[in-house]
There are 2 protein chains.
Amino acid sequence: MHASASAVNPGALRSRLAQAGLRATRQRLVILESLLTLPGHPTAEQVHRHVVGHSPSISLGTVYKALDSFVAAGLTRRVASAEGASRRYDADCTEHHHLFCTDTQEIIDYCDPQLDELIRQFFAARELEGFQPRSFSLHVVGTRGMK
Amino acid sequence: MHASASAVNPGALRSRLAQAGLRATRQRLVILESLLTLPGHPTAEQVHRHVVGHSPSISLGTVYKALDSFVAAGLTRRVASAEGASRRYDADCTEHHHLFCTDTQEIIDYCDPQLDELIRQFFAARELEGFQPRSFSLHVVGTRGMK
DNA sequence: CCTTTACTGATAATCATTCCTACCTAGTGA
DNA sequence: TCACTAGGTAGGAATGATTATCAGTAAAGG
């Protein structure tokens, strides 16, 4: 009973979908599991490639539709990216930030409660005229490698 | 002699391109001017629509290539966006942030040197393992309207 | 078990972006 | 000023990503 196993066991996936008001179809279970399993921020294409290992009959269109429904239900979010043509998805909906490496085109998750707090306090103090902030996401562009 | 006029006068545009090492063609001058003139963060399509007003013969492909060359030369940057299919461009290369309104789907520029400083100092102190940050861009999601 | 209705698979259609090729022109130096 | 040439342009075809359509299928609830 590892924590890592529990996130992707069938029961947990089912209840996630149920909570979101989505039918727990075989396809969605496999797609959601792939999204949680795959490292980084996969494209629909990458999810599909992974998914056809389990269930070869799942079509790319179904992957797109499933991902859309996950996003609409708040299970998943789309990751903003300026570089690269295709959209990327992120199963992790907790607040976190992204490091984008211009050398490798990699997007690395960056989680830092202190940073969150810093930003939240900044905006609480600042009182933007006519804008009510709800969530923050910092995009850091840079390169991997020693300082 | 407004400051706003000087940014889009032919001479200024020419020297911008020259500094970037790009030839100052008629097409690029018009495209760069449109990019500076258009509000928000236009797509290539939107720039093209604006540009054909002046010079109807400029093709969409030329707009794409000009924008690519501007980005490569650092005159322009691509704006990260999770929503919407097409890429957006921003003529303003100074560091700034974006407020995204979930009601109106609007992207509002937000410039704040104090915030920049806060983030820069945070990362200077933090010393990310194996990542060298170069620039920061904060994406704030929220809604317009009174607090 | 039956019904309802949302979901799926296959394919076509659409939209954004890039590629290709022949022509053109800005910048350079004689 | 003139001609040279590397780089830029127009236009259309090609590619890639995403969405729409629709007949068939299978979850969820009674």
Side-chain angles (χ1 to χ4, degrees), chain A residues 10-11 13-35 41-49 51-52 54-73 75-76 78-89 105, chain B residues 10-11 13-32 34 41-52 54-73 75-76 78-89:
Chain A
L13 295 176
R14 284 201 123 75
S15 68
R16 275 220 200 198
L17 290 171
Q19 273 188 307
L22 299 173
R23 282 192 187 173
T25 63
R26 185 177 54 79
Q27 292 87 341
R28 284 185 177 165
L29 290 170
V30 179
I31 291 168
L32 184 53
E33 187 195 340
S34 288
L35 201 57
H41 304 90
T43 62
E45 190 71 41
Q46 292 172 318
V47 171
H48 183 243
R49 266 203 293 281
V51 138
V52 290
H54 294 250
S55 319
S57 73
I58 294 180
S59 77
L60 180 57
T62 296
V63 172
Y64 273 105
K65 277 178 281 193
L67 291 173
D68 280 355
S69 66
F70 294 170
V71 170
L75 279 181
T76 297
R78 280 198 257 265
V79 176
S81 94
E83 330 289 319
S86 45
R87 265 185 208 165
R88 295 179 170 279
Y89 294 87
Q105 301 273 102
Chain B
L13 295 175
R14 283 201 125 75
S15 67
R16 274 220 202 198
L17 290 171
Q19 272 186 309
L22 297 173
R23 282 194 188 169
T25 63
R26 185 177 52 81
Q27 292 86 340
R28 285 184 177 165
L29 290 169
V30 179
I31 292 167
L32 184 53
S34 289
H41 303 91
T43 62
E45 190 70 43
Q46 291 172 320
V47 171
H48 183 243
R49 265 202 294 280
H50 187 252
V51 139
V52 290
H54 294 249
S55 318
S57 72
I58 293 180
S59 76
L60 180 57
T62 296
V63 172
Y64 273 105
K65 275 178 283 192
L67 291 173
D68 280 355
S69 67
F70 295 170
V71 170
L75 279 181
T76 298
R78 278 197 259 263
V79 177
S81 93
E83 329 290 319
S86 45
R87 269 186 207 162
R88 295 180 170 279
Y89 294 85

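We use all heavy atoms of the structure for the numbers below, so side chains are in, but hydrogens, waters and symmetry mates are not. For clarity, every value in this text was computed on a predicted model and none was experimentally measured.
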Checklist outcome for this item: Minimal heavy-atom distance between B:Ile31 and B:Ala66, with the atoms involved, is CD1-CB, 3.6 Å
Next on the checklist: Please find the pair of heavy atoms, one from B:Ser34 and one from B:Val47, that lie closest to each other, and give the distance.
Outcome noted: CB-CG1, 4.3 Å
When you compare the protein's N or O atoms with those of nucleotides 20-23 of chain C, which come within less than 3.5 Å of each other, and at what distance?
unit_1: C:dC20; atom_1: N4; unit_2: B:Lys65; atom_2: NZ; d: 3.3

Checklist entry - In whole angstrom, what separates A:Asp68's CG from C:dC7's P? => result 12 Å
Checklist entry - For A:Arg88, which residues count as a salt bridge (Lys or Arg N to Asp or Glu O under 4.0 Å) partner, sequence neighbours excluded? => result none
Item to check | Partner residues of A:Thr76 under the side-chain hydrogen bond (donor to acceptor under 3.5 Å, both in side chains) criterion, sequence neighbours left out | outcome: none
Checklist entry - Which residues pass the salt bridge (Lys or Arg N to Asp or Glu O under 4.0 Å) test with A:Arg78, sequence neighbours left out? => result A:Asp68
Checklist entry - Taking atom C1' of C:dG9 as reference, at what distance in whole Å does atom CG of A:Leu60 sit? => result 11 Å
Checklist entry - Which pair of non-hydrogen atoms, one from A:Val63 and one from A:Ala44, has the smallest distance, and what is that distance? => result CG1-O, 3.6 Å
Checklist entry - Quick one: how far along DNA chain D does chain B reach, first to last nucleotide 5' to 3', anything under 4.0 Å to a heavy atom? => result D:dA6 to D:dG11
Checklist entry - Taking all non-hydrogen atoms of both residues, which atom of B:Val79 and which atom of B:Tyr89 are closest, and how far apart? => result CG2-C, 4.2 Å
Next on the checklist: If the helix axis at each end comes from five base pairs, how far does the helix from C:dC1-D:dG30 to C:dA30-D:dT1 deviate from straight, to 10°?
Outcome noted: 50°
Checklist entry - Checking all strands, does A:Ser57 fall into the base, sugar-phosphate, or nothing category for heavy-atom contacts under 4.0 angstrom? => result sugar-phosphate
Item to check | Residues that A:Glu45 engages under side-chain contact (heavy atoms from CB on, under 4.5 Å), provided they are two or more places apart | outcome: A:Thr43, A:Arg49, A:Leu60
Checklist entry - Who are the side-chain contact (heavy atoms from CB on, under 4.5 Å) partners of B:Ser55, not counting sequence neighbours? => result B:Arg26, B:Val30, B:Ile58
Checklist outcome for this item: B:Gln27 CD to C:dC24 P, in whole Å, measures 13 Å
Checklist outcome for this item: Looking only at heavy atoms, the pair that brings A:Pro56 and A:His54 closest together is CD-O, 3.6 Å
Checklist entry - Partners of A:His48 by ring pair (Phe, Tyr, Trp, His ring centres under 6.0 Å), sequence neighbours excluded? => result none
Distances for protein N or O near nucleotides 14-16 of chain C N or O, under 3.5 Å:
none

Item to check | Any residue meeting side-chain hydrogen bond (donor to acceptor under 3.5 Å, both in side chains) with B:Thr62, in chain and number order, not counting sequence neighbours | outcome: B:Ser59
Next on the checklist: Just verifying a value: how many Å separate B:Gln46 CD and B:Ser86 OG, rounded to the nearest 0.5 Å?
Outcome noted: 7.5 Å
Checklist outcome for this item: Scanning both residues in full, the closest heavy-atom pair of A:Ala24 with A:Leu17 reads CA-CD1, 3.8 Å
Protein-nucleotides 27-30 of chain C N/O pairs under 3.5 Å:
unit_1: C:dG27; atom_1: OP1; unit_2: B:Ala24; atom_2: N; d: 3.4

Checklist entry - Between A:Arg26 and B:Gly61, who's closer to the 5' end of DNA chain D by nearest nucleotide? => result B:Gly61
Checklist entry - What distance do A:Arg28 atom CZ and A:Leu22 atom CG have between them, rounded to the nearest 0.5 Å? => result 5.0 Å
